[in-house]
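The structure under discussion appears below in the form of structure tokens.
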There are 2 protein chains.
Amino acid sequence: MGKTLREKGKGTVKLRHAGLRPTRQRVELAGLLFKSCDRHVTAESLHDEVTGAGVKVSLATVYNTLHQFTEAGLLRQVIVDAARSYFDTNTGDHQHFFLESEGMLIDIPGETIAVAGVPAPPPGLSIDRVDVVVRVRRT
Amino acid sequence: MGKTLREKGKGTVKLRHAGLRPTRQRVELAGLLFKSCDRHVTAESLHDEVTGAGVKVSLATVYNTLHQFTEAGLLRQVIVDAARSYFDTNTGDHQHFFLESEGMLIDIPGETIAVAGVPAPPPGLSIDRVDVVVRVRRT
DNA sequence: TCACAGTTTAGAATCATTCTAATCCCGTTG
DNA sequence: CAACGGGATTAGAATGATTCTAAACTGTGA
């Protein structure tokens, strides 16, 4: 009961802190994304999910929101498939297994994998991030 | 002069060996792709290039050919950008620097980088390939 | 040379994603 | 608490890369 009132501020605070106005749509999407940990979604899958939950949010807003959350550091975009973009709720240092046939991503903790020998980038360039994708297939 | 006759078979043999009928278009594209080493092209860029060389090849054929060459093991597809696919003429073990702002890929020799600690994939899955992308930006 | 299976191609179609312009609503102000 | 102002949402159009389709074309073996 007090639940609604008491928890109302949760996602709201998170969004405010990120400089995003806590609108109904953003609160709903944040609720789905950050309720459980380490989720991997596509715009389409998240839209289906929020729609399935009986909440009306346009696909355009899902795209906008995913990008805004990404810019705000709440999500990380994962590029592993030419066909679609994934967004990961785990923004920490980690890598992925990718099962292309099923569009499935599995986290690999950052401490697990070590990439050694990355050469210095050409003059005028600096390293932004090192991504490792372990592509797997059904045996 | 004998050049045309003598060299005619080069790309042709390569294509035949790959199980691909050496058509005018495939020979032209293979010529551009494999004349110099370690090239990174997109369908669009290769189409512009072949067209600029005065050869008439449709964009659809460029796409078909890139995929056929990839399946035949002559090319490797590189997925680093959500917007477009790159194809790499270097099919050996190596990784990449990627300068997103300019759509530029730079090879990193395979021996240079070492990825340690890749965990065993979940049951029923086996590792296909480990890709490392070092994302860089202008300083 | 003939015939046919594999190729090419123009243009339509598709798919994910972005844009547009109108409408809506969050938060502040009076 | 109503009005307001600017950011947010949205339906639908637009875009851009890629794929598909159906028809025309061309290597290649006989």
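What you see is a predicted model, and the numbers here were worked out from it, not measured in a lab. Lettering follows sequence order; numbering is per chain, from 1.
Panel note: side chain B:T139, backbone A:G124; a donor-acceptor pair is recorded below 3.5 Å.
Not less than 6.0 angstrom separates the ring centroid of A:Y63 from the ring centroid of A:H47.
Across all strands shown, B:A82 has no heavy atoms under 4.0 Å from either base or sugar-phosphate atoms. Across all strands shown, A:H67 has heavy atoms under 4.0 Å from sugar-phosphate atoms exclusively, and none from any base. Within 4.0 Å of A:S85, counting heavy atoms only, lie sugar-phosphate atoms of the nucleic acid but no base atom.
Side-chain nitrogen and oxygen atoms of B:K56 include none within less than 4.0 Å of the OP1 or OP2 phosphate oxygen of D:dC25. Distances shorter than 4.0 Å separate none of the side-chain N or O atoms of B:Y63 from OP1 or OP2 on D:dT19. Taking side-chain N and O atoms only, B:R21 has no distance below 4.0 Å to OP1 or OP2 of D:dT28. Between C:dT7 and B:R26, a contact under 4.0 Å exists linking OP1 or OP2 to a side-chain N or O. One finds a side-chain N or O of A:T23 lying less than 4.0 angstrom from the OP1 or OP2 phosphate oxygen of D:dT9. The side chain of B:Q25 contributes an N or O atom lying less than 4.0 Å from OP1 or OP2 of C:dT9. For B:T61, no side-chain nitrogen or oxygen approaches OP1 or OP2 of C:dT8 to under 4.0 Å. The phosphate of D:dT28 has OP1 or OP2 within less than 4.0 Å of a side-chain N or O from B:R16.
With a 4.5 Å cut-off on side-chain heavy atoms, A:R39 and A:D88 do not count as touching. You'll find the side chain of B:P119 reaches within 4.5 Å of the side chain of A:I108, heavy atoms only.
Which of D:dT18, C:dA16, D:dT10 sits closest to the side chain of B:A43 comes down to D:dT18. Which of C:dT8, D:dT10, D:dT28 sits closest to the side chain of B:P22 comes down to D:dT28.
With rounding to whole Å, B:D81 atom CG is found 13 Å from C:dT17 atom C1'. One interatomic measurement links the two molecules: CG of A:L20 to C1' of D:dG6, which rounds to 15 Å at whole-angstrom precision. For B:E28 and C:dT9, the CD to P distance is 11 Å, given to the nearest whole Å. Atom CG in A:N64 sits about 17 Å away from atom P in C:dC25, given to the nearest Å. C:dA16 atom P lies 15 Å from atom CD of A:Q77, rounded to whole Å. Distance, B:R24 CZ to C:dT7 C1': 11 Å, rounded to whole Å. Per the geometry, CG belonging to B:L59 stands 11 Å off P belonging to C:dT9, to the nearest Å. Atom P of nucleotide C:dT17 and atom CZ of B:R84 are separated by 14 Å, given to the nearest angstrom.
The structure places NE2 of B:H96 at 10.5 Å from CD1 of B:I113, a figure rounded to the nearest 0.5 Å.
By the 6.0 Å contact criterion, CZ on B:R137 is open, its count of non-hydrogen atoms from other residues, nucleotides or ligands being 12 or less.
Toward the 5' end of DNA chain C, the nearer of the two residues A:E44 and B:G19, judged by each one's closest nucleotide, is B:G19.
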